[in-house]
Amino acid sequence: MKLKATDFEDIKKLSGKNAIVIISNGQIKSTELPEHGIVEITTHANKVTFVENKVKEKF
């Protein structure tokens, strides 16, 4: 999962998909969500600082 810079017009292209759009600190970034896993967003001082994708493997 890799966040990439996005414009408002590009958000329409995500319609019907499982995706995340983050607007923070004057930036817009988006990505499609993984099939499984945990997506964790960390903020500090009212701004997004980290987006982490955790994937567990079932044994």
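For this chain, numbers begin at 1 and follow the sequence in order.
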Is there a side-chain contact between [X] and [Y], using heavy atoms and a 4.5 Å cut-off?
X: Thr49; Y: Ser24; value: no
X: Ile20; Y: Ile41; value: yes
X: Asp10; Y: Ser30; value: no

Practice prompt. Measure across Asn25 and Lys47 and return the closest heavy-atom pair with its distance rounded to 0.1 Å.
Written response: OD1-CE, 3.6 Å
Worksheet entry | Where Thr6 and Lys29 come nearest, the two heavy atoms and their spacing | OG1-C, 3.9 Å
Discussion item. Which residues end up grouped with Leu14 if you chain together Ile, Leu, Val, Met, Phe, Trp and Tyr wherever their side-chain heavy atoms are less than 4.5 Å apart?
Written reply: Phe8, Ile11, Val21, Ile23, Ile28
Worksheet item: Ile38: which other cluster members, linking ILVMFWY side chains closer than 4.5 Å, directly or transitively?
Response: none
Worksheet item: Between atom NZ of Lys4 and atom CD of Glu32, what is the distance when rounded to the nearest 0.5 Å?
Response: 7.5 Å
Item to complete: Would you mind listing every side-chain hydrogen bond (donor to acceptor under 3.5 Å, both in side chains) that reaches into residues 33-43, with sequence neighbours excluded?
Response: Glu40-Lys54
